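Everything below concerns the one structure shown next.
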Amino acid sequence: QVRLVESGGGSVQAGGSLRLSCAVNVDRGDVRSMAWARQTPGKEREVVAGIYIDGTTYYADAVKGRFVISRDTSKNTMYLVMNSLKPEDAGMYYCAADSRGLYLGPHQALNRRAYNNWGQGTQVTVSS
């Protein structure tokens, strides 16, 4: 069992920044690949950034150069720093983890179906 708890969401003006956190608790499983995904009403959940335990990162084109994903294994926490936020970045942001010990390559890391554990989400609002 893997428990993921997101925090750090809120409201920000366009151009501003936010840092999301995901607290990770692993009772059973081997978590090596993790990700942040977002979803807006009527749209499919999309993975915006992924990270492997060795620090390898992957980004969706929409956020590349603006978002930074990282993880602190000593604190069992993953982060997403979001800079230069745009109104289209608004949505519910979810933390995701694969607990099967898999290395997810560049394509799978940005595929929401590759992850078998999800948090409850934290809301991000961006006003123009």
Side-chain angles (χ1 to χ4, degrees):
Q1 295 284 355
V2 177
R3 185 165 180 258
L4 306 171
V5 180
E6 302 93 337
S7 62
S11 295
V12 65
Q13 287 192 327
S17 299
L18 279 175
R19 187 180 80 158
L20 306 182
S21 299
C22 173
V24 183
N25 187 285
V26 181
D27 289 330
R28 189 170 59 210
D30 182 5
V31 174
R32 301 192 182 193
S33 294
M34 297 191 67
W36 285 98
R38 67 186 181 194
Q39 188 170 21
T40 53
K43 292 188 177 181
E44 288 190 351
R45 191 173 299 185
E46 60 170 348
V47 177
V48 297
I51 186 167
Y52 187 60
I53 196 168
D54 67 356
T56 303
T57 57
Y58 306 96
Y59 296 94
D61 288 342
V63 307
K64 202 171 293 183
R66 299 186 298 122
F67 290 12
V68 178
I69 187 173
S70 63
R71 63 195 288 182
D72 186 336
T73 54
S74 67
K75 296 181 178 179
N76 295 321
T77 303
M78 181 177 68
Y79 304 97
L80 184 69
V81 174
M82 305 184 293
N83 299 311
S84 302
L85 282 162
K86 305 174 182 180
E88 53 263 42
D89 293 319
M92 187 70 79
Y93 279 72
Y94 297 91
C95 174
D98 168 76
S99 59
R100 297 159 290 187
L102 299 177
Y103 166 69
L104 302 177
H107 298 294
Q108 284 302 304
L110 297 180
N111 183 346
R112 60 184 172 85
R113 295 181 177 86
Y115 299 92
N116 59 346
N117 296 275
W118 293 87
Q120 295 300 305
T122 185
Q123 184 69 44
V124 172
T125 303
V126 183
S127 58
S128 57

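Start at 1 with the first residue, then count along the sequence. The structure displayed is predicted, hence computed values, not measured ones.
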When rounded to the nearest 0.5 angstrom, what distance separates [atom1] in [X] from [atom2] in [Y]?
X: Asn83; Y: Asp89; atom1: CG; atom2: CG; answer: 10.5 Å
X: Leu20; Y: Thr77; atom1: CG; atom2: OG1; answer: 12.5 Å
X: Ser128; Y: Gln13; atom1: OG; atom2: CD; answer: 9.0 Å
X: Ser33; Y: Asp98; atom1: OG; atom2: CG; answer: 5.5 Å
X: Met92; Y: Gln123; atom1: CE; atom2: CD; answer: 4.5 Å

*What's the shortest heavy-atom distance between Tyr115 and Ala97, and which atoms?*
CD2-C, 3.7 Å
*Which heavy atom in Ala14 sits nearest to a heavy atom in Pro87, and how many Å separate them?*
CB-CD, 4.1 Å
Between [X] and [Y], is there shared hydrophobic-cluster membership here, with clusters defined by ILVMFWY side-chain heavy atoms closer than 4.5 Å?
X: Leu85; Y: Val68; answer: yes
X: Val48; Y: Leu4; answer: yes
X: Tyr79; Y: Trp36; answer: no
X: Leu104; Y: Met34; answer: no
X: Leu80; Y: Val126; answer: yes

Can you tell me if [X] uses its side chain to pair, donor with acceptor, with the backbone of [Y] under 3.5 Å?
X: Gln108; Y: Ala114; result: no
X: Gln39; Y: Glu44; result: no
X: Arg3; Y: Asn25; result: no
X: Thr56; Y: Asp54; result: no

_Centroid-centroid distance, Tyr59 to Phe67, less than 6.0 Å_ = no
Report yes if some heavy atom in the side chain of [X] is under 4.5 Å from a heavy atom in the side chain of [Y]; otherwise report no.
X: Tyr94; Y: Glu6; value: yes
X: Ile53; Y: Arg71; value: yes
X: Met82; Y: Ser17; value: no

*Residue that, paired with Ser99, satisfies side chain to side chain donor-acceptor pair (under 3.5 Å) out of Asn116, Asp30, Asp27*: Asn116
*Kindly confirm or rule out a cation-pi arrangement of Arg45 over Trp118, judged by NZ or CZ under 6.0 Å from the six-membered ring centre and within 45° of its axis?*
yes
_Verdict with reasoning, Val124 to Arg38, per side chain to side chain contact (heavy atoms under 4.5 Å, CB included)_ = CA-CA 9 Å; Val124 172; Arg38 67 186 181 194; over 6 Å; no
*Could you label the plane-to-plane angle of the Tyr58 and Tyr103 rings as parallel, tilted or perpendicular, counting under 30° as parallel and over 60° as perpendicular?*
tilted
*asked:* Do the side chains of Glu46 and Arg112 get close enough for a salt bridge, i.e. N-O under 4.0 angstrom?
replied: no
*Hey, is CD on Glu88 packed in by over 12 heavy atoms from elsewhere, all under 6.0 Å?*
yes
*Between Met78 and Ser70, is a side chain to side chain contact (heavy atoms under 4.5 Å, CB included) present by the stated rule, with each step listed?*
CA-CA 6 Å; Met78 181 177 68; Ser70 63; over 6 Å; no
